[in-house]
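All values below were derived from every heavy atom in this structure, side-chain atoms included, with hydrogens, water molecules and symmetry-related copies excluded. Worth saying up front: this structure is predicted, and the values here are computed from it rather than measured.
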Amino acid sequence: DVIIVGAGSAGNIAALRLSQMGHDVAVFDMRHDLGDKLCTGIVGRECFDRFKPDAGMVLHKAKSVRVFSPTGSSYLINRKNPEAYVIDRVAFVSSLASLAEESGAMFNRGYRVTSVRTTDKTVEISTLSDGVRSKHQGKVLIVANGFGSSILKMVCLSPDKSLAYLIGTQCKVEAEGLEQTEVYVGSSIAPGAFGLVVPISQSLGVAGMASPDNTNLHMPAFLDRLRKTGKINSIVEEPTSWGIPIESLPKTYKDRVIVAGDAAGLAKPTTGGGIYYSLLSGEIA
């Protein structure tokens with residue numbers, strides 16, 4: 001009944017809900033390790049309460065955040081109860097896939113979609129997996145394979161102009177005693193956006209930034225600043241970058257096709273957060 005391309009947050013929640021309703025669902029993803037995408041994993045309380053990650057997936061509960069101005073002065077926002085949670089995104093996305101599979105959805109890992117053809121009654125995709133080409137037919141296609149999806153051009157939903165996006169960069173760091181998320185603003189940190197450091201255990205954290213500018217130019221200085229101020233001790237994993245959409249597609253659907261999640265540009269434009277919007281748009285799809 002439904003072909004879903006992309007086994008991330010949006011694709012997996014769509015697969016779960018559709019299969020629970022009794023529809024025949026096939027999911028295709030070019031990756032073998034589902035959910036293995038760069039992401040800080042921060043979700044708000046509303047998202048956490050609605051989709052309820054398992055307790056073992058919660059890396060940190062955030063009751064407070066300290067915001068640093070360009071001059072170095074700071075402001076503490078403090079609450080009695082957690083307002084946000086840092087979750088293990090890979091584990092969470094994988095758990096959605098497992099639930100969808102238990103409900104009857106068929107997951108095809110390691111499949112890259114090479115073409116899409118729609119007719120009045122069907123959608124047909126061509127795939128490549130381990131050198132083997134195959135075709136698959138359904139009634140509806142959900143495109144949920146992330147930012148910069150090549151499938152948008154195949155289904156004639158590619159925008160006429162480049163849409164706004166941020167470049168995100170993050171790395172795992174040794175951060176003894178880091179008790180709360182810290183956000184750093186100012187053009188000397190990350191022009192047009194922010195830098196942050198987030199605790200994920202008693203000794204580890206994630207340091208990162210998002211900016212419309214080239215973060216590779218600013219990340220080394222930001223990490224050096226965190227070292228000098230004693231926020232982090234060392235870098236555990238080298239920084240890696242990815243794209244974050246902050247502008248949605250002008251049109252996210254056509255006959256027999258709908259786009260969800262990052263592929264549709266559905267992320268929070270103020271922070272680049274995409275997990276909640278992906279889950280919501282996947283459910284809507």
For [X] and [Y], work out which heavy atoms get closest and say how close.
X	Y	result
I13	S278	CG2-O, 4.4 Å
F222	I189	CD1-CG2, 3.9 Å
G8	R31	N-NH2, 4.3 Å
L279	C47	CD1-SG, 4.0 Å
P159	P250	CB-CD, 4.1 Å
F194	T270	CE2-O, 4.0 Å

Does [X] use its side chain to pair, donor to acceptor, with the backbone of [Y] at less than 3.5 Å?
X	Y	value
T40	I42	no
S19	G104	no
S149	N145	no
T114	S126	yes
S281	G261	yes
D54	G56	no
D88	A91	yes
N108	V27	yes
K254	V155	yes
N12	A7	yes

A side-chain contact here means heavy atoms from C-beta on lying under 4.5 Å apart; do [X] and [Y] qualify?
X	Y	result
L96	F51	no
I151	V116	yes
R50	Y276	yes
K228	L226	no
L76	S64	yes

So with a 6.0 Å cut-off around [atom1] of [X], is the heavy-atom count from everything else above 12?
X	atom1	value
E46	CD	no
M57	CE	yes
D255	CG	no
Y253	OH	no
E179	CD	no
Y165	OH	no

State yes or no: do [X] and [Y] share one hydrophobic cluster built from I, L, V, M, F, W and Y residues joined by side-chain heavy-atom distances below 4.5 Å, directly or via other members?
X	Y	value
L16	M106	no
V5	M154	yes
V183	V86	yes
F28	V259	yes
L18	F107	yes

Nearest-0.5 Å distance, [atom1] of residue [X] to [atom2] of residue [Y]:
X	Y	atom1	atom2	result
S187	H218	OG	NE2	9.0 Å
Q20	L99	CD	CG	8.0 Å
L280	I275	CG	CD1	12.0 Å
I3	K139	CD1	NZ	12.0 Å
S211	I167	OG	CD1	7.5 Å
L166	E247	CG	CD	11.5 Å

Inset, instruction - Decide salt bridge (charged side-chain N to carboxylate O under 4.0 Å, His left out) for R225 and E182; before the verdict, give the C-alpha distance in whole Å, the side-chain angles of both, and the deciding distance to 0.1 Å. - result: CA-CA 13 Å; R225 173 176 178 156; E182 297 183 350; over 6 Å; no
Inset, instruction - Report the C-alpha separation of I232 and R227 in whole Å, then their side-chain angles, then the decisive distance to 0.1 Å, and conclude whether the side chain to side chain contact (heavy atoms under 4.5 Å, CB included) test is met. - result: CA-CA 5 Å; I232 67 172; R227 279 198 207 91; 3.8 Å; yes
Legend entry - Check against side chain to side chain contact (heavy atoms under 4.5 Å, CB included), Q170 and V198: CA-CA 10 Å; Q170 74 176 37; V198 179; over 6 Å; no
Inset, instruction - Run the numbers on T127 and S134 for side-chain hydrogen bond (donor to acceptor under 3.5 Å, both in side chains), then give the verdict. - result: CA-CA 5 Å; T127 62; S134 55; 2.8 Å; yes
Inset, instruction - Before giving the answer on side chain to side chain contact (heavy atoms under 4.5 Å, CB included), spell out for C171 and V173 the whole-Å C-alpha distance, their side-chain angles and the decisive distance to 0.1 Å. - result: CA-CA 6 Å; C171 62; V173 294; 3.8 Å; yes
Inset, instruction - Verify side chain to side chain contact (heavy atoms under 4.5 Å, CB included) between T119 and E124, making sure each step is shown before the conclusion. - result: CA-CA 8 Å; T119 70; E124 183 182 87; over 6 Å; no
Legend entry - salt bridge (Lys or Arg N to Asp or Glu O under 4.0 Å) partners for R112, two or more places apart: none
Inset, instruction - Please list, chain by chain and in numerical order, all residues satisfying ring-ring contact (aromatic ring centres under 6.0 Å, His included) with Y85, sequence neighbours excluded. - result: F48
Inset, instruction - List the steps and the verdict of salt bridge (charged side-chain N to carboxylate O under 4.0 Å, His left out) for D29 and R109. - result: CA-CA 5 Å; D29 197 297; R109 296 163 172 83; over 6 Å; no
Inset, instruction - With sequence neighbours left out, write down each residue that passes side-chain contact (heavy atoms from CB on, under 4.5 Å) with T240, or none if nothing qualifies. - result: L38
